[in-house]
Amino acid sequence: MPEFCDVAVAVPLDMVFTYAVLPDAAPVVGGRVLVPFRQQRMTGIVFELHDRKPAVTTKTIISVLDSSPVLDDILLRLAGWIANYYLAPIGEVCRTMLPLMAEFKRSIGYRITDQGHTTLHMAGMSGSSARSRRTPEEQIAEFAVLDYLAGSDGELVREQTLRSATRVSRKILAGMVRKKWLAREDVSAPQDAKRTIKIAALKLVEGKLNDNQRMLIETLSASGSKLPVESLQGLEIPRTTLGTLVKRGLIEIIEEPADFTISRSKPRQSPFDFDFNFNDAQKSALNGMRQAVDGRKFSGMLLHGVTGSGKTAVYLACMRAVLEAGRSAILLVPEIGLTPAVAADLHQMFGDEVAILHSALSDRERAQQWHRIRRKEARIVVGTRSAVFAPVDDLALIIVDEEHDSSYKQEETPRYHARDVAVVRAKLSNAVVVLGSATPSLESYFNAKTHKYALIELPDRVEKRPLPEVQIVDMRLEFQDTGHEQVISRKLADEIKDRLERREQVMVLLNRRGYSPVVLCRTCGRKLECNNCAIALTHHKREHKMICHYCGYTAPVPKGCVHCGSEYVYFLGTGSEKLEELLHGMFPEARIARLDRDTVRGHEDFERTLSALNEGELDLLVGTQMIAKGHDIHGVTLVGVVGADVALGLPDFRAAERTFQLLTQVAGRAGRGQSPGKVILQTYFQDHYAVQYAARHDFIGFYEKELQFRRWMHYPPYSALANVLVRSNQLDDALQWSGVLGKWFNGTRHEGVRVLGPAAAPIMRLKQDYRYHFVLKSPSREKLNTTLRSMLSYAGQQKIPRTQVIVDMDALWLM
Ligand SMILES: [Zn+2]
Ligand SMILES: [Zn+2]
């Protein structure tokens with residue numbers, strides 16, 4: 001057995017840690033181990049076993065948690081790729097890939113020290129010390145802790161037990177540890193009892209044996225002296241035999257981690273009776289995908305299909321083919337795409353062979369699904385972002401539905417993009433990756449046009465239904481004609497009235513939640529901002545609160561200006577809550593519901609509202625971008641778009657692309673049934689190309705125009721781009737650190753890499769942090785990566801904490 005192992009531990013450091021291996025422990029590469037780290041116990045993943053003695057003294061691993069890898073060779077390589085490409089600590093990458101945290105229980109214990117006993121004794125004799133700076137309450141609390149621990153005979157008492165018995169805070173316990181009255185120990189351990197099995201191990205053979213006993217011992221020695229107790233029970237000997245041998249010391253019962261790799265795959269009847277009635281374009285798309293899968297080589301495809309063209313049916317048919325071939329497939333969907341109805345469809349189609357991973361699962365449920373997939377009980381995996389790491393066997397196909405959706409990008413460490421990780425995983429696995437969308441990202445379409453991916457197109461809606469007619473309403477003219485700012489134009493109001501009379505359904509999009517987004521003082525001109533962020537608070541009328549949409553901070557609704565005391569405060573602008581109220585006022589007879597993050601707490605709420613719309617129990621649905629995504633409601637014949645162009649005013653190079661995608665997607669909700677659809681698009685930017693091309697359903701036109709802009713500005717896909725954010729809750733630190741890094745960027749040569757900044761981030765303060773940033777661009781990803789890596793190592797030398805310098809590779813937001 002090698003003497004050392006390198007372990008990735010989930011801490012913000014870009015390295016693995018070397019530990020000594022106990023002689024009888026047998027860690028495996030890709031398996032978990034429990035290790036001491038600083039004053040704690042942590043789980044980590046073994047990356048390498050070796051005999052290279054490190055220069056520093058090493059600690060020894062505490063225990064081996066897995067007898068077979070939880071990350072197989074491909075997933076380990078994928079972890080390495082993510083850590084390298086996104087400049088993320090490898091241990092944090094592994095933690096993200098493995099939803100097994102529920103199997104490890106954090107546990108801290110305390111015991112009383114000799115000094116603690118002395119203190120307790122003194123306190124009993126003389127009362128509290130007069131010189132103490134502690135309050136009487138603190139002294140009483142400390143006394144209670146010492147008394148409790150003294151009463152437990154020096155045994156270790158778990159923090160939870162101690163705190164519920166004495167009601168002291170963690171802070172007081174920490175103070176007592178500093179004074180050396182208590183000893184603190186981390187006794188964290190793996191939790192899941194199901195994951196260990198009892199093993200009978202042969203120790204020695206001596207003395208007389210009866211027939212049953214001999215048979216048991218012979219069976220054991222024939223199988224290498226070790227067998228699970230469970231399998232000995234098939235021997236048709238009395239159960240007491242084993243017990244007797246254990247008592248005599250011939251056999252020992254030990255617990256070992258259960259092996260995940262035992263396959264329980266069972267013969268399966270095809271549960272499918274779906275009859276796909278495909279048009280020619282769908283047939284040829286499916287054929288293309290199936291041929292690529294059969295080729296067992298890496299292949300990337302972009303499926304560009306207009307809204308309503310039947311992409312989902314093609315995905316499902318291809319996944320079915322993969323399953324029938326005995327292989328595995330993963331379907332990634334955006335966060336909001338996985339409703340219970342979708343899940344029900346999937347169960348009907350794939351039976352028990354499908355594992356569904358959505359954000360509402362608890363840690364434990366997530367771990368259970370993970371084990372099901374690992375045991376090959378589920379070969380079809382459908383889920384949001386992190387499902388790209390599902391431990392499937394013999395991966396044949398990964399589909400990324402709505403590949404342009406920004407929920408695929410994780411906005412915390414590791415800041416990976418699940419679409420791009422899916423492509424790399426497919427490469428490592430010789431599998432096929434299919435990216436699908438009606439509005440592909442510029443990057444993906446560019447890759448298809450430059451033949452990195454095959455391009456498959458579904459240019460028509462199913463059953464030759466027409467795309468909806470889009471009419472633009474110029475809100476500047478509306479203002480001139482009516483003399484005041486309108487939320488709902490006269491045209492949109494007329495069309496809604498008309499649909500309601502015809503008993504057809506309407507959706508109105510306003511991509512901003514709350515009642516009014518800004519409270520302004522007319523005397524001093526200042527806004528009411530969040531205490532933690534440089535962001536205006538939004539008025540929420542029903543909750544009667546001011547809420548920050550970035551950090552959740554709430555404040556009472558102000559009666560006057562908080563800055564100057566003036567009573568002339570104005571609530572400006574319109575959010576979805578106010579829009580709903582306005583529509584109720586305009587159409588009192590209509591049944592209206594709203595869909596946004598305030599009305600939707602979980603998938604059930606979302607589903608309930610959508611199914612009410614589907615059943616015809618609603619006439620009008622108001623909502624944020626949530627209403628734009630992927631639903632197929634046949635009764636909707638009118639879509640109104642209010643204020644969807646706000647993003648065009650933001651300092652973000654992706655603003656046009658996002659606006660085009662949102663407008664196209666929401667327009668795509670209209671006319672999916674028998675009656676043709678219509679879209680009324682209200683805008684203040686009627687000449688903007690994103691608005692014009694969306695109104696004409698012209699993706700190619702938009703793509704070419706936008707590509708020109710990206711080329712001029714050296715933005716993706718012509719350059720790789722990274723955002724480097726320097727943050728601190730102390731303004732001085734943020735300024736100083738960004739200055740230090742700015743000087744370093746200026747003073748060092750980075751051939752082929754442009755560095756912009758440091759500059760204050762557009763949102764200069766967020767969640768109590770002051771923020772400065774750099775934007776780096778380079779046509780070469782390698783050069784960009786090298787520059788960023790040396791920047792991080794310089795930051796380390798300058799003692800800038802690793803957690804305060806955030807590298808966001810392929811950043812979607814520069815805010
Ligand atoms: Zn004021
Ligand atoms: Zn805030």
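One-based numbering, in listed order, for ligands and for the atoms of each.
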Would the number of heavy atoms belonging to other residues, nucleotides or ligands and lying under 6.0 Å from NZ of K767 be above 12? no
Is any side-chain heavy atom of S441 closer than 4.5 Å to a side-chain heavy atom of R419? yes
Apex the Zn ion (ligand 1) - arms SG from C524 and SG from C521 - angle rounded to 10°: 110°
Residues K541, E577: salt bridge by 4.0 Å N-O rule: no
Under 2.8 Å from the Zn ion (ligand 2), is there any N, O or S atom belonging to C530? yes
Please determine if the Zn ion (ligand 1) has an N/O/S atom from C561 lying under 2.8 Å away. yes
Distance to the ring centre below 6.0 angstrom and angle to the axis at most 45 degrees; does that hold for R765 and Y770? yes
Angle subtended at the Zn ion (ligand 2) by C548 SG and C551 SG, to the nearest 10 degrees, is 110°
